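The next block holds one structure in the form of structure tokens; read it before the comments.
The figures here come from the full heavy-atom set of this structure, side chains too, leaving out hydrogens, waters and symmetry mates. From a predicted model like this one, the values you see are computed outputs, not experimental measurements. Order of the sequence lines sets the chain letters (A, B, ...), proteins ahead of strands, with each chain counted from 1.
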Amino acid sequence: EAGVAQSPRYKIIEKRQSVAFWCNPISGHATLYWYQQILGQGPKLLIQFQNNGVVDDSQLPKDRFSAERLKGVDSTLKIQPAKLEDSAVYLCASSPDRPQETQYFGPGTRLLVL
Amino acid sequence: GENVEQHPSTLSVQEGDSAVIKCTYSDSASNYFPWYKQELGKRPQLIIDIRSNVGEKKDQRIAVTLNKTAKHFSLHITETQPEDSAVYFCAAPNTGTASKLTFGTGTRLQVTL
């Protein structure tokens, strides 16, 4: 089966610019996650979708980050405006029906904010 | 929310030796504990997980043990090989409605020849 797809793989922007990341989960997976992984740290959950509804966005900096999952499949994560501290790898993951199933991660988007 | 602590942060072992990584968690209602391996520049991949109804689970050279009373779980890798070199993350769920995973800070394992 095809894995979780993400694009772009790398992005370099200047601070105060905007950027968007795209994720296509494994077909049929109901739950989709966006994580932020800063160098040397574990992934930190930003937002979790169940189908096309948000079930947890408690750690999403909502003044600059937004995410949507239209039609319960693909998802986009946007940062506007970006700050230096947003430099990280943004990982998308998906899992089948229940949150406590195996999460399958995409390759990530490495963002550098200058 | 869940607090997960992971030790050590780095671990160097010789090929063939065993490696043990430990994690503690704070939410006594947590019932699912996965371990992920992340090679340099790659995505995290699940290597083993354990649910709270068992105390130990083994898969070839990898095992995980769980002590619910003490709220800690450990990853054991026996007969280590150079390809085991990676960063290992433990995780535990919050038991709220979202059951989101909180990840540990990671252990960089280096297996030397």
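- Neither the backbone nor the side chain of B/Gln6 comes within less than 4.5 Å of any heavy atom of chain A.
- Aromatic ring centres of A/Phe105 and A/Tyr33 lie farther apart than the 6.0 Å criterion allows.
- Side-chain contact annotation: B/Thr65 with B/His76, donor-acceptor N/O pair under 3.5 Å present.
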(Q) Set out, in order, the CA-CA distance, both residues' side-chain angles and the distance that settles salt bridge (Lys or Arg N to Asp or Glu O under 4.0 Å) for B/Arg61 and B/Asp84, then state yes or no. (A) CA-CA 10 Å; B/Arg61 297 185 298 108; B/Asp84 294 329; 2.9 Å; yes
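- Only the side chain of A/Gln59 comes within contact range of chain B, with at least one heavy atom under 4.5 Å from a heavy atom of that chain.
- Residues B/Gln38 and A/Gln37 have side chains that bring a donor and an acceptor to within less than 3.5 angstrom of each other.
- When heavy atoms are compared at a cutoff of 4.5 Å, B/Pro34 does not approach chain A at all.
- The aromatic rings of A/His29 and A/Tyr104 sit tilted relative to each other, their planes meeting at an angle between 30° and 60°.
- Ranked by heavy-atom pairs under 4.5 Å with chain A, the list B/Pro44, B/Gly104, B/Gly41 is led by B/Pro44.
- Looking at A/Val4, only its backbone comes within 4.5 Å of chain B, counting heavy atoms on both sides.
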